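Please read all numbers here as calculations on a predicted model, not as lab measurements. Hydrogens, waters and symmetry mates are skipped; everything else that's a heavy atom, side chains included, is used.
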Amino acid sequence: MADRACTVSFTDVRGIKHSVEVTADSLFEAAVLGVKIRRAGEWNDPPGQTTMIEVEVRNPSVKHTVSLVHISRWLNGVSNSPAESMKKVKLRKLLATR
């Protein structure tokens, strides 16, 4: 998939919904970039492993909901190509840093 504008959202433990805008070429890349931006900010409640993360891909608009557990499984799963393998390495590094 080509790079698309995405809105990544989640609801914190207080019930407040947070959203960030990212550009990504896959659902999981968008989710990782959104979590990374959220963790880098000075926020009290970054998403946890079971937090459901909503990804809206625009043009055409499509919405997906995944948890960090699902993202971790994908990142640590078998890759379909060398390019996907390299992308997973990059995304794992992004998710590991704060």
Side-chain angles (χ1 to χ4, degrees):
M1 156 171 124
D3 281 356
R4 292 191 183 167
C6 303
T7 302
V8 180
S9 307
F10 78 96
T11 303
D12 68 20
V13 295
R14 295 171 294 166
I16 299 171
K17 186 172 184 173
H18 304 274
S19 300
V20 297
E21 301 290 323
V22 300
T23 301
D25 69 4
S26 74
L27 165 68
F28 291 111
E29 180 180 19
V32 168
L33 293 172
V35 168
K36 174 68 176 164
I37 290 168
R38 177 73 173 125
R39 285 181 176 167
E42 295 183 18
W43 304 99
N44 293 333
D45 300 314
Q49 287 295 312
T50 58
T51 301
M52 296 309 292
I53 300 166
E54 184 177 278
V55 178
E56 181 179 357
V57 181
R58 291 187 301 284
N59 197 21
S61 181
V62 179
K63 200 176 281 190
H64 305 274
T65 304
V66 296
S67 69
L68 284 176
V69 170
H70 289 110
I71 295 167
S72 293
R73 284 185 192 145
W74 178 78
L75 287 173
N76 295 310
V78 176
S79 297
N80 294 322
S81 69
E84 183 177 311
S85 181
M86 294 304 296
K87 177 178 287 292
K88 286 181 178 184
V89 168
K90 174 183 142 192
L91 295 174
R92 278 194 299 267
K93 287 178 184 177
L94 278 176
L95 206 52
T97 60
R98 289 204 174 239

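- For residues 51-72, the set of pairs meeting the ring pair (Phe, Tyr, Trp, His ring centres under 6.0 Å) definition, not counting sequence neighbours, is empty.
- Counting only heavy atoms from C-beta outward, the side chains of V35 and L95 approach each other to under 4.5 Å.
- With a 4.5 Å cut-off on side-chain heavy atoms, V22 and C6 count as touching.
- Shown here for V20 and G34, the closest heavy-atom pair between the two residues is CG2-CA, 3.7 Å.
- With sequence neighbours left out, K90 forms a salt bridge (charged side-chain N to carboxylate O under 4.0 Å, His left out) with E29.
- Taken to the nearest 0.5 Å, the CD atom of E56 stands 12.5 Å off from the CZ atom of R4.
- Counting heavy atoms from C-beta outward, L68 and T51 have side chains that stay 4.5 Å or more apart.
- Contact check for V57 versus L27: no side-chain heavy atoms found under the 4.5 Å cut-off.
- For the atom pair CD (E54) and OG1 (T11), the distance works out to 8.0 Å, reported to the nearest 0.5 Å.
- Residues I37 and V8 are not in side-chain contact: their nearest non-hydrogen atoms beyond the backbone lie 4.5 Å or more apart.
- Under the 4.5 Å side-chain criterion, counting only non-hydrogen atoms from C-beta, R92 is in contact with N76.
- Closest non-hydrogen pair, I71 versus F28, comes out as CG1-CD2, 3.6 Å.
- Annotation: side-chain contact (heavy atoms from CB on, under 4.5 Å) contacts of E84 (sequence neighbours excluded): W74, S79, N80, S81, K88.
- Dense packing is recorded around CE of M52, with more than 12 heavy atoms of other residues, nucleotides or ligands lying under 6.0 Å away.
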